[in-house]
Amino acid sequence: MKRYSRRDFLKRGGALGALAAATGGPVPVFPVPDTGTPFRAVASGNGFRATDKAMSVLRAGGDPLDAVIAGVNIVEDDPDDMSVGYGGLPNEDGIVELDASVMYGPTHTAGAVASLRNIKNPSKVARLVMERTDHVLLVGEGALKFARAHGFKEENLLTDKARAAWLRWKETMSDRDNWFPPRTADLPAEVRSVMSTHGTINCLALDAKGRLAGVTTTSGLSWKLAGRVGDSPIIGAGLYVDNDIGAAGSTGRGEANLQTCASFRIVDLMGRGLSPGSACLKVCEAIAEKTKLVPRLCDDQGRPKFGLEFYALNRKGEFGAAALYEGSRYAAHDGAENRLRESAYLFKRG
Ligand code: GLY
């Protein structure tokens with residue numbers, strides 16, 4: 001990928017004033033795709049199959065909301081993605097609680113569910129909240145009751161693999177309780193690590209009529225307190241779409257996003273002339289600055305001790321992504337080719 005120097009980048013963002021000093025490497029050029037087709041689908045790095053599916057829906061004349069939901073349903077249904085839907089890592093009680101939101105550009109409407117149990121496709125329930133109620137967000141038992149009313153099948157979302165990872169976390173959390181840890185050698189490789197994770201999938205799409213839509217869906221922070229809600233179902237944080245400007249979404253530490261309304265800010269910055277990738281990076285910089293106010297969240301260099309990634313697509317079909325740390329990738333189908341691309345980043349690792 002061709003790269004711009006930071007000076008070039010600053011010039012591009014100059015109308016908004018100087019950026020805070022960043023310590024990352026060179027800033028990638030954010031492509032202006034000219035692929036001879038207006039269709040676009042953009043997703044987080046775990047969304048390669050989602051962008052592929054979304055593009056097939058768009059090409060068949062489908063609506064971008066149908067496209068993004070069909071895309072993320074693949075990942076929600078996949079037990080091997082332990083950050084989303086069925087097979088997602090559970091809360092501290094060993095119960096999977098899912099969050100999701102959708103937003104549709106042409107009507108500027110949104111729907112969301114939070115702390116939803118037993119339903120593996122929260123994105124579909126979020127859509128029904130948008131289309132079949134006068135509300136935007138349903139949570140917990142109310143969200144489940146609503147899903148049941150619409151005929152969703154209840155099932156145990158905790159797979160054996162996710163349960164084993166949870167048990168490992170529980171048994172190694174403290175040496176002052178009554179849970180003894182197993183021998184590491186007895187554990188499958190994938191459950192030896194019990195780090196908290198914030199995986200999620202976000203998917204955004206644009207069709208030939210200029211319609212934008214987005215979805216964000218997740219099992220949220222692993223081992224979270226029961227009832228904890230992250231950024232994914234919060235409109236303006238985990239997802240935001242303005243059909244006059246563009247769409248943005250996020251993955252990573254939801255608490256940092258909830259306190260900065262990042263997706264709304266990214267769309268707002270695109271509305272003020274920034275490219276999608278530059279807008280994502282600028283919000284990363286703002287979050288890194290605010291994080292300095294909370295020492296427990298900073299490493300010894302004053303950098304955030306967590307990850308956060310943003311994805312954006314504007315109504316012209318330009319797209320980009322940025323993360324706090326290098327090494328993050330995102331999926332983008334530009335109408336001609338679906339591939340994983342490097343996100344811009346603020347900080348090098350190490
Ligand atoms: N971004 C997902 C979460 O924090 O729940």
Side-chain angles (χ1 to χ4, degrees), residues 42-47 50 68 72 75-76 81-93 95-103 110 112-117 119-120 122-123 125-126 137-140 143 157 162 165-166 169 195-204 214-240 247-266 280 283-284 287 290-291 294 297 304-312 321-325 328-331 343:
V42 175
S44 42
N46 56 348
V68 293
V72 300
V75 183
E76 287 177 333
D81 189 314
M82 297 174 83
S83 69
V84 179
Y86 178 66
L89 291 171
N91 66 17
E92 66 174 358
D93 300 328
I95 297 170
V96 181
E97 290 190 330
L98 304 179
D99 297 340
S101 62
V102 301
M103 190 156 184
V113 289
S115 301
L116 177 64
R117 299 179 176 188
I119 307 290
K120 74 176 174 189
S123 60
V125 187
L137 174 61
L138 294 180
V139 305
L157 305 180
W166 166 78
W169 166 77
M195 299 284 289
S196 290
T197 63
H198 290 93
T200 298
I201 181 167
N202 166 250
C203 188
L204 311 168
V215 60
T216 303
T217 175
T218 188
S219 51
L221 173 67
S222 60
W223 338 130
K224 61 193 172 186
L225 301 190
R228 177 263 189 189
V229 174
D231 57 329
S232 303
I234 304 302
I235 299 303
L239 178 68
Y240 193 70
S250 84
T251 60
R253 180 180 154 81
E255 281 72 10
N257 187 353
L258 283 167
Q259 292 168 153
T260 49
C261 300
S263 293
F264 178 83
R265 286 170 73 169
I266 290 166
C280 292
V283 168
C284 286
I287 288 170
K290 292 293 186 202
T291 303
V294 189
L297 294 175
K305 280 200 281 191
F306 54 84
L308 200 50
E309 304 84 28
F310 299 110
Y311 318 93
L324 289 177
Y325 286 92
S328 181
R329 296 200 295 172
Y330 68 108
S343 300

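Counting convention: from 1, in listed order, for ligands and their atoms alike. Bear in mind the structure is a predicted one, so any value in this text is a computation, not a measurement.
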Short N or O distance, [X] and ligand 1, threshold 3.5 Å exclusive:
X      : value
Asp231 : yes
Gly230 : no
Gly220 : no

query = Below 4.5 Å, heavy atoms only, C-beta onward: do Leu98 and Ser219 meet side chain to side chain?
reply = yes
request  = Measure the shortest side-chain to side-chain distance between Val229 and Asp99 over non-hydrogen atoms and say whether it is less than 4.5 angstrom.
outcome  =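 A side-chain contact exists here, since the closest heavy-atom pair is under 4.5 Å.
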Looking at [X], which atoms of ligand 1 are within less than 4.0 Å of one of its heavy atoms?
X      : value
Thr200 : 1 (N), 2 (C)
Gly252 : 1 (N), 2 (C), 3 (C), 4 (O)
Ser232 : 1 (N), 2 (C)
Leu221 : 5 (O)

request  = For Ser328 and Glu309, run side-chain hydrogen bond (donor to acceptor under 3.5 Å, both in side chains): C-alpha distance rounded to whole Å, both residues' side-chain angles, the deciding distance at 0.1 Å, then the answer.
outcome  = CA-CA 8 Å; Ser328 181; Glu309 304 84 28; 4.7 Å; no
message = Less than 4.0 Å is my threshold; does some heavy atom of Arg228 fall inside it relative to ligand 1?
response =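 Right, Arg228 reaches ligand 1.
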inquiry  = For the CG atom of Asn91 and the CG atom of Leu89, what is their distance to the nearest 0.5 Å?
reply    = 11.0 Å
ask   = Is the Trp169 ring parallel, tilted or perpendicular to the Trp223 ring (thresholds 30°, 60°)?
value =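 Trp169 and Trp223: parallel rings.
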message = For a quick test of reading the model, state the closest non-hydrogen atom pair linking Gly238 to Asn202 and the distance between them.
response = O-ND2, 4.3 Å
